[in-house]
Amino acid sequence: MQLDQLGTFSRTHRNGDLRLDHAGETVRLLGWARKVRDMGSLIFLDLRDRWGIVQLRLDTSDADPALVEKARAVRSEFVLGAEGVVIERESKNPNLPTGAIEVKLSKLLILNTAATPPIPVEDHEGQGANEDLRLKYRFLDLRRASLQRNLILRSQIANVTRNHFLEHEFIEFETPILTKSTPEGARDYLVPSRVHPHEFFALPQSPQLFKQLLQVSGFERYIQICRCFRDEDLRADRQPEFTQIDIEMSFVRQEDVQGVIEPLMEKVSKLVGREVKGPFPRLPYAHAMEWYGSDKPDVRYDLKLQDVTATFATSTFNLFRAAADSKGQRRVRAIWVPGEAAGVYSRKQLDELQEVAKQLGGGGLPYAKWGKDGLSSSFKKFLEGDAEAQLKAALGATGEGLAVFAVGTDPQTSKILGELRQRLARTFGLVDESKFAFLWVVDFPLLEWSEEAERFVACHHPFTSPHPEDMDLLETDPGKCRAVAYDLVLNGYEVGGGSIRIHDAQTQGRMFRALGIGEEEARAKFGFLLDALAFGAPPMGGLALGLDRLAMLMAGADNIREVIAFPKTAQARCLMTDAPSEVDARQLKELHLLQEKPQTYKVGAVFFESAEGHNPELRGQAFQQLGLTQRQTQGLVTLDNQGTILDAQTLSGPTFEF
RNA sequence: GGGGUUGUAGCUCAGUCGGUUAGAGUGACGGCCUGUCACGCCGUAGGUCGCGGGUUCGAGCCCCGUCAGCCCCGCCA
């Protein structure tokens, strides 16, 4: 097909902006053909651009036949320029912002054709291609209105964020992408150095240390919207590269950091028409785990975990009584869901819940259910006499409803009941989807014991300040020591986390000792930080927000791929570019990653890279030296003016011997 | 590393107990249509049932392996 040139044609309006007020105006538009509806002597054509859709109309009875032919040739996703007069429609479409008008086509440019799209570009409820195809043809997927909306929203969030912090005198920085591998934390993505054989850069897991050093430099307030990299397995809300809104402040307490974040969350929520108001509730980590079984509880609904251990102190139900006998090592915890619907929860549904509990490491799922016919329970025979009434009293159960139980150590029961709490809330419609329930989870533990490393590891990172009241526990009972660390939680997602940092070398030394990091090791790994702390580091703290998760929650998506232009699969692949991929052996050699033994190849065709290869005599010598016999491989040879072979490689990579 | 789940026409899916020629909707292509807007009507083409092996007289269906997507556990300072 003969394509039209754009030439001097330019748009006078955005497609989505045209209204009845424009009637009578001649407009020029650009965009993609969404759909051609050919009624015979009347042709309708929807033109789509970033701002919306407008209908073009062509009456074949009074139009130039060439124009009619051209309009009929248009297919979905052709790129068009259109000129015409805006007219009021005979039959209006109330579902379209531009539905009152249409453009009477007088000129049509076909700027490009399009192959039939392998995935639908139209957004329709409950339809759409499988995600592998969507990712392969991401550039088409991104034409869909919902993804355009999400990515535009993401841009707005970033913009609001930047403005917010610049208004508060933050300074935007860029920190290195090629940086130093750090021993603590996630697995690093490594980048081999060509210049320094067998040495590696790491991509930053976060700019943590750089932002602290900028405080030491006296900038006082740092902001960066930065890419971070962690070579760990993915989830629906986790990608190997992701974006943080990263801030750091000097001379601040926890409340000061929270105080600049809360108004930002108010502004960001407003972008999607939600009102939230700071200050957000503060919930100590210990309470979060006790009441919600999670360090990022969804508090849009009021279900809480309860301790019913004492109820079974004299029970004949050995499983539960053993917990009561364990002096707090193990506990019986429960969730009580009141209501008729919960009281008639079916055997099949309970089996499904039990399956969930088992997958999370539970032995089973003890339950007690009070319906119209009274009690039904997996341990009913142990609930005779007063026991049933005691259990109801302990649960605070008055009418019909369902209780599920878990027994074990606190981490075990929290994990199971924390998950069941969410499922039960969804099942019984307790979640108010219109709500944004922000809260701060505070007073995280500083350290936790790692069975794998056989030492304490930092819960947050090794530069987190111990809670001032717990400072001495660092040596006496490290596991009990709280940190001045805080997470921002929204609707059951951790959207941010931060801490007040250690700013003196002495405390940092105590922290490293608690982590089992010796002085020498600390010097080798974090020498620059220790130096910085020795030269007048101010008290400081900060926080990082996950932009992807924040955008996901604002967009109402359940997956961060929906707010990332070019995301990776759960196996950390890009289906569009096919990354990661193999590289030439030559590249690997340059990076000193391919250690090859010299090999002898018998060379068939030889190409000479240097000018000396033109000399038949020198070439002959080289052939002799290479022992040229059979046609087995192709070689690339560099000679000097004496005919000495400087370099000889097969075209496929490995060096051959000469 | 482990568990679950999905893979059939360009796309979304159905396919019964293992049994004749693998279907539907949608899209594509062609034709008709003056008020469509997920247009409508008529017609046509379109299949490596992810891939490899096995069981069987016979496999889209059963078994083993493998690849890929998604979800979860581990992991993610």
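Numbered from 1 within each chain, the chains take letters A, B, ... in sequence-line order.
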Ignoring backbone atoms, establish whether [X] has a side-chain N or O less than 4.0 Å from OP1 or OP2 of [N].
X        : N     : value
A:Lys415 : B:C72 : no
A:Ser91  : B:G35 : no
A:Arg561 : B:C71 : yes
A:Arg75  : B:G30 : yes
A:Thr569 : B:G69 : yes
A:Arg230 : B:C75 : no

[X] [atom1] to [N] [atom2]: how many Å, rounded?
X        : N     : atom1 : atom2 : value
A:Glu451 : B:C75 : CD    : P     : 11 Å
A:Glu131 : B:G7  : CD    : C1'   : 15 Å
A:Asp295 : B:C76 : CG    : P     : 13 Å
A:Asp558 : B:C72 : CG    : C1'   : 14 Å
A:Leu234 : B:G1  : CG    : P     : 14 Å
A:Glu355 : B:C72 : CD    : C1'   : 13 Å
A:Asn130 : B:C11 : CG    : P     : 9 Å
A:Leu58  : B:C37 : CG    : P     : 18 Å

For [N], does the base pair up with any side-chain atom of [X] as donor and acceptor (N or O, under 3.5 Å, distance only)?
X        : N     : value
A:Arg57  : B:C37 : no
A:Asp233 : B:G74 : yes
A:Gln55  : B:U36 : yes
A:Arg235 : B:G74 : yes
A:Ser61  : B:U34 : yes
A:Arg89  : B:C37 : yes

When you check the gap from the basic side-chain N to the acidic O, do [X] and [Y] get nearer than 4.0 Å?
X        : Y        : answer
A:Lys136 : A:Asp132 : no
A:Asp487 : A:Lys296 : no
A:Glu562 : A:Arg134 : yes
A:Lys35  : A:Asp46  : no

Taking the six-membered ring for Trp, are A:Phe242 and A:Phe229 ring centroids under 6.0 Å apart?
no

Name every residue in residues 203-213 of chain A that has at least one heavy atom under 4.0 Å from any atom of RNA chain B, in order of residue number, or write none if there are no such residues.
A:Ser206, A:Gln208

Parallel, tilted or perpendicular: which describes the rings of A:Phe512 and A:Phe526, with under 30° parallel and over 60° perpendicular?
parallel

Mind listing the N/O atom pairs, protein and nucleotides 38-41 of chain B, below 3.5 Å?
unit_1, atom_1, unit_2, atom_2, d
B:A38, N1, A:Gln127, OE1, 2.9
B:C39, OP1, A:Lys35, NZ, 3.4
B:C39, N4, A:Asp38, O, 3.0

Does the structure show a Watson-Crick or G-U wobble partner for [N], both distances under 3.5 Å? Name it, or say none.
N     : answer
B:U5  : B:G69
B:A28 : B:U44
B:G23 : B:C13
B:U36 : none

Euclidean distance for [atom1], [N] against [M] (whole angstrom):
N     : M     : atom1 : value
B:G18 : B:G60 : C1'   : 11 Å
B:U44 : B:A9  : C1'   : 15 Å
B:A59 : B:G19 : C1'   : 10 Å
B:G4  : B:C63 : P     : 13 Å
B:C76 : B:A38 : C1'   : 43 Å
B:G52 : B:G7  : C1'   : 16 Å
B:G25 : B:U8  : C1'   : 15 Å
B:C42 : B:C57 : P     : 47 Å

Flag the pair A:Thr98 / A:Arg19 as yes when at least one side-chain heavy-atom distance between them is below 4.5 Å, and no otherwise.
yes

Any non-hydrogen side-chain atom of A:Arg501 less than 4.5 Å from a side-chain atom of A:Gln208?
yes

Rounded distance (nearest 0.5 Å) linking atom [atom1] of [X] with atom [atom2] of [Y]:
X        : Y        : atom1 : atom2 : answer
A:Asn559 : A:Arg238 : CG    : CZ    : 13.0 Å
A:Ser499 : A:Phe463 : OG    : CZ    : 10.0 Å
A:Ile245 : A:Leu550 : CD1   : CG    : 6.0 Å

Regarding [X], tell me which of base, sugar-phosphate or nothing describes its non-hydrogen contacts under 4.0 Å with the strands shown.
X        : result
A:Leu133 : sugar-phosphate
A:Glu90  : base
A:Asp59  : base
A:Pro462 : base

Return yes if a side-chain donor-acceptor contact under 3.5 Å exists between A:Asp298 and A:Gln422, otherwise no.
no

Spell out, as yes or no, whether a donor-acceptor pair under 3.5 Å connects the side chain of A:Arg230 to the backbone of A:Gln205.
yes

Toward the 5' end of RNA chain B, which comes first, A:Ala236 or A:Leu575, by nearest nucleotide?
A:Leu575

Between A:Lys92 and A:Pro120, name the one whose nearest nucleotide on RNA chain B is closer to the 5' end.
A:Pro120

